[in-house]
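Contents: one structure, followed by commentary.
Only a predicted model underlies this, so the values are computations on that prediction, with no experimental measurement involved. Every chain is numbered from 1, with letters handed out A, B, ... down the list of sequences.
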Amino acid sequence: METANGNGLILIETYYGDYGYRARALKQTGKRMMGYISAAVPVEIMHAAGFIPVRIKGDPKETVTKAYGSMETLVCPFLLNAYNLALKGKYDYLEGIVIPHTCDSVCRTYDVWKRNFPLPYYHFLNVPHLDSAPSQEFFKEILKTFVKSLEQFIGKEISGQDLANAVLAYNDFRKTMRELYDLRKPDQPLISGIEMMKTLVAVKALPVDESTALIRQIINEAKGRKASSPQKPLRVMLVSDQIDDTALIEIIENTGAQVVMDDISVGSKLYFADIEATSDPIDGIAEYYLKKVNLPTFYRDKGGSYDENLELRFGHLKRFISEFNVDAVILLVYKNCDPYGFEVPATISYIESLSKPVFYVEDEYSSSSSSAIKTRIEAFLEMLTQERR
Amino acid sequence: MAEERKQRMTATAAAAKIPKMVRANFTANLKAKEEGRPVAFSFIVNCYDEILRAMGVVPAWAESYSGICAAKRDAGRFLEKAESQNFSRSLCTYATCGLGFEHWRNELGGEMPPDAPWGGIARADFILGTGQMLCDPRYKWPQAVQHYMKDVPAYIGGFYWPPYDENMDQREVEDYYLKYAVEELRGAVAFVEKQTQKKMDWDKLEEITDLVDRTWDMFIDAYELRKARPTPMDTGDAMNTMVPLAFMLGTQEAYDFYKELYDELKDKIAKKDGVAEDEKYRLLWGAGLPPWFALSDFQYFNSKGAVFPVERTYREAERIDRLDLPKPSNPLERIALRWMRYWTHWYDAARKRKGSIPEVERLIEYIEDYQIDGVVFHKAFSCRTWHSGIMLQAQLLKEVYREIPVLVLEGDIVDISSYNEGATHLRIDAFIEVLENLKNKR
Ligand code: SF4
Ligand code: SF4
């Protein structure tokens, strides 16, 4: 694995600052990259096909310019921004993009991506919104069609063993990520929210084995750290979809508070469960993505009462709040985001029922809007800090 | 659809009957509630019409009620209620209007919000939604509304159809899509049986499924009469005449309505009785739900000699023989197949025209069949499902087909705050000028 003076976090800084840096370098050596949108795409399958999966991200510092001519502004601002980056050539090293059926913004712009950012391979992955038994069976078929389409593209078979190996590699990675999350549990977290955010993003464009090795290295480095201040910071959890930039966390941590946990789609949503090693790996993969990745695009209802359903949808937040000793929650939802937007009152009341304050903010995906919410977030955190004194 | 503040004249007698029919739908759900009969919140194109009708469940159409509030220009207070609950203004305003309404009702301990348009919508006994490609609110709205009616159970069925892929024949994967849809419909039957404590009458379901097939055919037969010059009915009326198809499917009344419409249009054609006094331009309403509070804009088009003989919106039916349906083994399979093929039957045409997509093929088919001079799209800011991709469709029409004038209007379905009548009329005037110039050049 490539290292920079043995310092994993310096490497993370490079990969975060220039997203795709390592992927582009690897391309020179003949490696192949496949892009994908959202947390609902099984990266294991792309890996088994011989690709390095690269999660499509945006850049809130980039002003959207090129996208306006071909994508409607009524869609998710994150997606619009990411598409804008693609049109500006930031993803030219990809051979294709896999777009899942998650939200209307993603699903309804599939043809727009395909037509205006042409790549040799595009696939629409029809992920169901439900996790019932028939949905599970259906999703397995969807995944088999996906495997078949990748096989056609690469011109060779993807074996069960390839898939099983991929599952093992990603389970190993997920386990290592959980160990990294554990370093946020002490009163003085050993890794800051900003560092964690950069790490979460950086590994989204790396080969999985490199990611695992890099995370191990960071864990070792962080374990050697000493607490910088005797004061216990205000501990914040961030709940959102695709936050892939540090701007918001900088606002929070500049107040002295620490982001100690997240429930975001580039973060914990992906790491707190493993894929079961089933005899047909597709079974375990289907089960993991439908049942264990907690996106609001999955409808959870086992026929119980409304409160029981709330537990199915948000029970993991309760666990996180307790395990990471969270003092307050910041819920950020992008404008035009239906899956999260419709959940806001339920999410807020669930968190408040745990006697934790929650600050809700609707935002665009842009640094200029972050500065507009800065004062409000600072006031919220200041109020909580005062209360603790 | 509903009556508006500024009453829009309808060209057909059939369309003029609609406000009464819509009202009757709402009276029916309020009455059913009073009498203790089951009422279900449901959404159009939900695929449950036959099941609901066969089981005697009275549908309370959530979107329709928001449309009524909008047409009466009385949605603002419900939208504000929703906003007070932190529902973003950028969400589907059908949904947020409905959510504001239910939040208010909940605050009042179950009482109807004051002066609710048309007496309000009944509080549902259960909700039927879908997780399908049509839109996110079809499963998120039910979930969100339960926050204000926690005792009301919901069933969300997975109902998908194969996506378009130019390299793959959708029939190769149709089997597993069909299997899934049928199982989910079976789940819906079991859910409704549990809620109503009543067993499904499968013979009745079969009968109603037959009736729906015939209604789809009659609807298309009637609408295709609009190919005539001058056209006897345009989109302004179609935004009303869609009501039986969308909200009364599976009833004899819906079939009879389209039969009557068919007869009326035949008669108008014989008399050369057109929508516009002097029909000069034939337009296609290419995509987008209408601004319910400004349906009179269609009349503005008509006053300029522009008519809409066809629209994409609410034409959620096709002649059954065009769907090439394999023989189904039971009514649920028939319902599933009919819907699935409805969405996929443009795929073959798209595959034949390089660079095309099914939505565009559909537009091309209408442009040719109805001798269209220009296409108008309406972009409603709060509905991503119908309104994203409009730019692409306009772009592809030009690329894979031919240059054709396109107008994209912007606004919303329910939220009047983004609408400006003067500015809209100016844009329409400019578009008419383009059509006129083109005509003069020919
Ligand atoms: S933030 Fe919301 S709208 Fe955007 S991609 Fe995620 S789920 Fe979709
Ligand atoms: S189709 Fe559009 S307007 Fe209708 S419920 Fe869905 S998002 Fe709302």
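Listed for the A:Asp104 side chain is a donor-acceptor partner under 3.5 Å among the backbone atoms of B:Asp136. Judged by distance alone, with hydrogens and angles left aside, the side-chain atoms of A:Glu72 form a donor-acceptor pair with the main-chain N or O of B:Met391 at under 3.5 Å.
Residue B:Pro137 touches chain A through both its backbone and its side chain, counting heavy-atom pairs closer than 4.5 Å. In this structure, chain A has heavy atoms under 4.5 Å from both the backbone and the side chain of B:Ile390. With a 4.5 Å cut-off on non-hydrogen atoms, A:Leu310 does not touch chain B at all. Heavy-atom distances place the side chain of A:Glu362, and not its backbone, under 4.5 Å from chain B. Using a 4.5 Å cut-off between heavy atoms, A:Val112 touches chain B through backbone and side chain atoms alike. Neither the backbone nor the side chain of B:Ala394 comes within contact range of chain A, judged by heavy atoms closer than 4.5 Å. Looking at A:Arg108, the atoms closer than 4.5 Å to chain B (heavy atoms on both sides) sit in the backbone and in the side chain alike. With a 4.5 Å cut-off on non-hydrogen atoms, A:Val127 touches chain B through its backbone but not through its side chain. Heavy-atom distances place the side chain of A:Ser349, and not its backbone, under 4.5 Å from chain B.
Closest non-hydrogen pair, A:Leu130 versus B:Gly158, comes out as CD1-N, 3.1 Å. Scanning both residues, A:Ala346 and B:His147, for their nearest heavy atoms gives CA-CE1, 3.7 Å. Here the shortest heavy-atom pairing between B:Ala154 and A:Asp301 reads O-OD2, 3.5 Å. Residues A:Asp111 and B:Glu359 approach most closely at OD2-OE1, 4.3 Å, considering heavy atoms. Here the closest non-hydrogen pair linking B:Arg384 and A:Leu74 is NH1-O, 2.7 Å.
Per-residue counts of heavy-atom pairs under 4.5 Å with chain A were compared for B:Leu392, B:Thr130, B:Val145, B:Thr385; the largest is that of B:Thr385. When A:Thr109, A:Val333, A:Thr297 are compared by the number of non-hydrogen pairs under 4.5 Å with chain B, A:Thr297 comes out ahead. Between chain A and the options B:Gln132, B:Met168, B:Lys179, the largest number of non-hydrogen pairs under 4.5 Å is found for B:Gln132. Of the residues considered (B:Pro163, B:Gly131, B:Ala144, B:Gly129), B:Pro163 shows the highest number of contacts with chain A, using heavy-atom pairs under 4.5 Å. Residue with the most contacts toward chain A among B:His387, B:His103, B:Lys150, B:Arg89: B:Lys150 (heavy-atom pairs, distance under 4.5 Å). The choice from A:Gly69, A:Ser135, A:Cys107 that makes the most heavy-atom pairs within less than 4.5 Å of chain B is A:Ser135. With respect to chain A, the highest number of heavy-atom pairs below 4.5 Å among B:Cys135, B:Cys92, B:Pro162, B:Gly187 belongs to B:Cys135. Highest contact tally toward chain B, considering only A:Pro134, A:Ser105, A:Ser305, is held by A:Pro134 [criterion: heavy-atom pairs under 4.5 Å].
For A:Arg115 and B:Glu399, the salt-bridge test passes: some basic side-chain N is under 4.0 Å from an acidic carboxylate O.
Rounded to the nearest 0.5 Å, atoms OH (B:Tyr176) and NZ (A:Lys144) are 10.0 Å apart. Distance check: B:Lys140 NZ to A:Tyr340 OH gives 9.0 Å after rounding to the nearest 0.5 Å. The OG atom of B:Ser88 sits 7.5 Å away from atom NZ of A:Lys335, with the distance rounded to the nearest 0.5 Å.
In this structure, B:Lys352 has no salt bridge (charged side-chain N to carboxylate O under 4.0 Å, His left out) partners at least two apart in sequence or on a different chain. Judged as a side chain to side chain donor-acceptor pair (under 3.5 Å), and not counting sequence neighbours, B:Glu184 has no contacts. In this structure, the side chain to side chain donor-acceptor pair (under 3.5 Å) partners of B:Tyr139, at least two apart in sequence or on a different chain, are A:His129.
At a heavy-atom separation below 4.5 angstrom, chain A is approached by B:Gln85, B:Asn86 within residues 78-86 of chain B.
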Exercise for the section: May I have the step-by-step check of side-chain contact (heavy atoms from CB on, under 4.5 Å) for B:Ile357 and A:Lys114, ending in yes or no? Expected result: CA-CA 11 Å; B:Ile357 55 172; A:Lys114 203 168 156 181; over 6 Å; no
Problem - Steps toward side-chain contact (heavy atoms from CB on, under 4.5 Å) verdict (A:Phe342, B:Leu91) - result: CA-CA 8 Å; A:Phe342 279 112; B:Leu91 297 174; 4.1 Å; yes
Handout entry: Test log, rule side-chain contact (heavy atoms from CB on, under 4.5 Å), inputs B:Glu183 and A:Ser132
Key = CA-CA 11 Å; B:Glu183 282 180 64; A:Ser132 58; over 6 Å; no
Handout entry: Working for side-chain contact (heavy atoms from CB on, under 4.5 Å), residues B:Tyr160 and A:His101
Key = CA-CA 10 Å; B:Tyr160 298 81; A:His101 178 195; 3.2 Å; yes
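In this model, a donor atom of one side chain and an acceptor atom of the other lie less than 3.5 Å apart for B:Gln395 and A:Asn116. A donor atom on one side chain and an acceptor atom on the other are found under 3.5 Å apart for A:Asn126 and B:Tyr177.
Heavy-atom contacts from other residues, nucleotides or ligands closer than 6.0 Å to NZ of A:Lys148 number 12 or fewer.
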